[in-house]
2 protein chains.
Amino acid sequence: MMNNVGDFLKTNGIKPSYQRIKIYEYLMNTKDHPTVESIYSALNGQIPTLSKTTVYNTLKIFIDKGIAMAITIDDNEVRFDAFIDTHGHFKCQECHRVYDFHVNFEGAIGDQLDDFQILEQQMFFYGICRSCNEKS
Amino acid sequence: MMNNVGDFLKTNGIKPSYQRIKIYEYLMNTKDHPTVESIYSALNGQIPTLSKTTVYNTLKIFIDKGIAMAITIDDNEVRFDAFIDTHGHFKCQECHRVYDFHVNFEGAIGDQLDDFQILEQQMFFYGICRSCNEKS
DNA sequence: TTATCAGTTTGTAATGATTACAAACTAAAA
DNA sequence: TTTTAGTTTGTAATCATTACAAACTGATAA
Ligand SMILES: [Mn+2]
Ligand SMILES: [Mn+2]
Ligand SMILES: [Zn+2]
Ligand SMILES: [Zn+2]
């Protein structure tokens, strides 16, 4: 075997092509919630024939199969995340970095949505991060 | 005098033109978090010369002046809200309605972001609403 | 009053992200 | 080898948003 990511994709019903493995590895190893554009340009070096359409298609498959998620933290920039446990995101308006944080969703809303069937939860914060704060 | 919305806009540093008053009134009276498209087509009746560009411009001004906010609850559909107190949104995947709910943000994240300066908070839930649940 | 001027509105053109589509390719099965 | 299903690629189409400049408006100054 020797290829963990390939096996992981197979387990999730995704045929592990070279492109798919590379894209998933990149998403897994990169903690900055990359966009389609940044994934494409990061991989274009090792895969010169890579098409942006393939990046779009592959990410859509990952999301459909539940091994990645899309984060629309700002109009007109969709970012992707291989860390799929429910968690919140903080976006720094200075350095544009996106940080993860843990959220206790239950405590935050009480019983207001008791008759609603909740399938997905997102929390986004915006502001200035610690590191940017220290520079001023 | 006699025009509350006009005065309200003036108070917030916005010159109260006919278009701006109508757009703000619509946003205020409509609880369904309308899009640019739905605002435009709702008002096009009474203001036949209305331009979609004016709707975009006006909403941008409202947001800059802090009397409205943009909600990107789903990729490729930006919605607008005149209710600017911090609150959460639930989007029904069946009827596509967007519901407001109250959120206790402090309790939800603890002290994880203590050194971060938080300027804006958003919470989005997705699922099936009560009314759609009852139909099945 | 008329002339001027800043701000507003409008229509059209440009942009840019995403999607549609069909041809080329790949790898496994028959 | 041939077939076939699935994958990748490049190009074209779509669609929301933005840029831009001309037309308009309403207030102010002469
Ligand atoms: Mn994350
Ligand atoms: Mn709302
Ligand atoms: Zn920062
Ligand atoms: Zn519903």
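Lettering of chains follows the sequences in order, A, B, ..., and the numbering in each one begins at 1.
Straight-line distance from the CD1 atom of B:Ile21 to the C1' atom of C:dT8: 13 Å, rounded to whole Å. In this structure, B:Arg20 places its CZ atom 11 Å from P of C:dG7, rounding to the nearest Å. Taking atom CG of B:Leu59 as the reference point, atom C1' of C:dT9 lies 15 Å away to the nearest angstrom. As rounded to whole Å, 18 Å separates atom P of D:dT7 from atom OH of A:Tyr24. Between the NZ atom of B:Lys65 and the P atom of C:dG7 there is a distance of 12 Å, rounded to whole Å. At whole-Å resolution of the value, CG in B:Asn44 and C1' in C:dT9 are 14 Å apart. Atom-to-atom, CG of A:Asp74 to C1' of D:dT17 comes out at 14 Å; the value is rounded to the nearest Å.
Between A:Phe8 and A:Tyr24, the distance separating the two ring centers is shorter than 6.0 angstrom. The ring of B:Phe116 has its center no closer than 6.0 angstrom to the ring center of A:Phe125.
Partners of B:Arg20 by salt bridge (Lys or Arg N to Asp or Glu O under 4.0 Å), not counting sequence neighbours: none found.
With hydrogens and angles ignored, the 3.5 Å screen pairs no side-chain donor or acceptor of A:Asn12 with any backbone N or O of A:Gly66.
The number of heavy-atom neighbours closer than 6.0 Å to CD of B:Gln93, taken from other residues, nucleotides and ligands shown, is above 12.
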Can you build the contact string for nucleotides 10-29 of chain C? Use B for base contact, S for sugar-phosphate-only contact, and - for no protein heavy atom under 4.0 Å. BBB----SBBB---------
